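Each remark here refers to the structure printed beneath this line.
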Amino acid sequence: MSIAPLLRVGGVAHALAECQPRTVVAVIIQWRGRIALFKRSQSVGHDRGLWHCITGYLEPGTTPEGQALTELREETGLTENDLTDFRQGTPLLLPDKQGNPWLVHTFTAVTRRRRLTINDEHDTFRWTAPSKIRRFSNRVTWLDQVLEAAPVPPDQHGTGS
């Protein structure tokens with residue numbers, strides 16, 4: 001009799017053999033207390049036309065933090081020099097529409113730059129107050145959970161939500 005290894009996410013243990021999640025990073029970008037939302041373009045394979053945060057698959061041999069910084073650079077033009085704060089949040093284990101598990105490493109990046117240089121994964125982006133994100137009815141279903149799991153830097157507490 002063998003014991004399946006466990007994956008702990010948010011204090012809950014899951015049998016790894018049952019899960020085998022795909023691993024991704026999700027980065028919330030803040031500027032002056034506002035959150036950047038990105039509208040996915042038609043050139044991507046999923047979530048077309050939906051509002052999103054910055055995401056990417058965790059590449060083999062890369063740390064979640066390193067992948068998050070790579071995705072920021074590729075999708076927004078932001079580098080570590082543009083960030084005033086960068087923090088890892090609580091990892092999430094979320095099911096997709098088919099019930100397949102995804103392990104999501106959450107991050108918050110606070111930038112001093114208002115202007116972002118988006119790549120072809122996005123049509124546009126908008127800065128919005130955290131309290132107004134629910135007005136974006138065509139956002140990905142998991143965005144609210146990522147926003148809750150991403151850390152709020154000390155100087156940002158009390159702004160908006």
Side-chain angles (χ1 to χ4, degrees), residues 3-31 33-41 43-47 50-122 125 127 130 133 139-157 161:
I3 298 174
L6 296 178
L7 172 66
R8 291 200 176 277
V9 179
V12 178
H14 302 273
L16 195 54
E18 295 172 13
C19 297
Q20 299 181 6
R22 293 181 181 176
T23 305
V24 295
V25 296
V27 186
I28 302 299
I29 302 173
Q30 290 184 348
W31 170 75
R34 293 177 178 259
I35 303 289
L37 293 181
F38 299 83
K39 191 169 189 182
R40 298 284 285 174
S41 73
S43 69
V44 295
H46 58 87
D47 298 331
L50 299 180
W51 293 95
H52 219 266
C53 61
I54 297 301
T55 59
Y57 288 99
L58 183 62
E59 298 293 333
T62 305
T63 65
E65 179 179 278
Q67 191 68 50
L69 291 168
T70 296
E71 299 300 334
L72 277 174
R73 186 178 60 256
E74 290 175 357
E75 296 185 33
T76 69
L78 291 174
T79 67
E80 286 184 72
N81 292 335
D82 298 314
L83 305 181
T84 59
D85 202 349
F86 182 75
R87 296 175 187 231
Q88 187 165 6
T90 305
L92 299 170
L93 190 59
L94 301 174
D96 63 17
K97 292 175 185 173
Q98 291 77 36
N100 300 310
W102 290 76
L103 177 58
V104 182
H105 293 277
T106 62
F107 293 87
T108 299
V110 180
T111 183
R112 60 177 67 103
R113 278 185 38 200
R114 179 176 184 259
R115 293 180 191 227
L116 304 176
T117 306
I118 58 174
N119 67 3
D120 66 338
E121 293 183 39
H122 310 286
F125 74 96
W127 292 106
I133 289 174
R139 66 190 184 280
V140 291
T141 57
W142 45 263
L143 182 60
D144 295 343
Q145 291 166 286
V146 169
L147 286 164
E148 288 177 20
V152 178
D155 61 335
Q156 297 295 315
H157 281 288
S161 49

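Sequential numbering from 1 along the given sequence is applied to the chain's residues. Treat the numbers as computed from the prediction; the structure is a model and nothing was measured.
- Listed for the T106 side chain is a donor-acceptor partner under 3.5 Å among the backbone atoms of T90.
- Between P21 and L93, the closest heavy-atom pair is CB-CD1, 3.9 Å.
- To the nearest 0.5 Å, atoms CD (E74) and CG (N119) are separated by 7.5 Å.
- With rounding to the nearest 0.5 angstrom, the OG1 atom of T111 is 7.0 Å from the CG atom of L116.
- A distance of 8.0 Å separates CG of D144 from CD1 of I133, quoted to the nearest 0.5 Å.
- Taking W142 as the reference, nothing meets the side chain to side chain donor-acceptor pair (under 3.5 Å) condition, with sequence neighbours excluded.
- Among residues two or more places apart in sequence or in another chain, the side chain to side chain donor-acceptor pair (under 3.5 Å) test is passed with T62 by none.
- Under the side chain to side chain donor-acceptor pair (under 3.5 Å) criterion, T63 pairs with no residue, sequence neighbours left out.
- No side-chain heavy atom of L50 sits under 4.5 Å from any side-chain heavy atom of K39.
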Go through the steps for V104 and V146 under the test side chain to side chain contact (heavy atoms under 4.5 Å, CB included), then give the verdict. CA-CA 8 Å; V104 182; V146 169; 4.3 Å; yes

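- In this structure, the side chains of L103 and L94 stay at 4.5 Å or more apart for every pair of heavy atoms.
- Residues P130 and I35 approach most closely at CG-CG1, 3.9 Å, considering heavy atoms.
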Verdict with reasoning, L72 to L83, per side chain to side chain contact (heavy atoms under 4.5 Å, CB included): CA-CA 10 Å; L72 277 174; L83 305 181; 4.2 Å; yes

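- Under the 4.5 Å side-chain criterion, counting only non-hydrogen atoms from C-beta, W127 is in contact with I29.
- Annotation: ring-ring contact (aromatic ring centres under 6.0 Å, His included) contacts involving residues 54-79, sequence neighbours excluded, comprise Y57-W102.
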May I have the step-by-step check of side chain to side chain contact (heavy atoms under 4.5 Å, CB included) for I54 and T76, ending in yes or no? CA-CA 8 Å; I54 297 301; T76 69; 3.6 Å; yes

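- Between the CG atom in L147 and the SG atom in C53 there is a gap of 7.0 Å [rounded to 0.5 Å].
- Remark: side-chain polar atoms of R22 are not paired, donor with acceptor, to backbone N or O of N100 under 3.5 angstrom.
- At distances below 3.5 Å, not a single donor-acceptor pair connects side-chain atoms of T23 with backbone N or O atoms of L58.
- D82 is linked by a salt bridge (charged side-chain N to carboxylate O under 4.0 Å, His left out) to R113, counting only residues two or more places apart in sequence or in another chain.
- A distance-only check finds a donor-acceptor pair linking the side chain of Q67 to the backbone of E59 [under 3.5 Å].
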Using the side chain to side chain contact (heavy atoms under 4.5 Å, CB included) rule, take R73 and L78 through it: C-alpha gap first, then chi angles, then the decisive distance, then the call. CA-CA 5 Å; R73 186 178 60 256; L78 291 174; over 6 Å; no

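- For F38, the ring-ring contact (aromatic ring centres under 6.0 Å, His included) criterion is met by H122, F125, not counting sequence neighbours.
- Separation of atoms NE2 (H52) and CZ (R139) is listed at 13.0 Å; rounding is to 0.5 Å.
- Looking at every heavy atom in both residues, V25 comes nearest to P64 through CG1-O, 3.5 Å.
- Rounding to the nearest 0.5 Å places CD of E65 at 5.5 Å from CZ of F86.
- Although no hydrogens or angles enter the test, the distance criterion places no donor-acceptor pair under 3.5 Å between the side chain of T108 and the main chain of R87.
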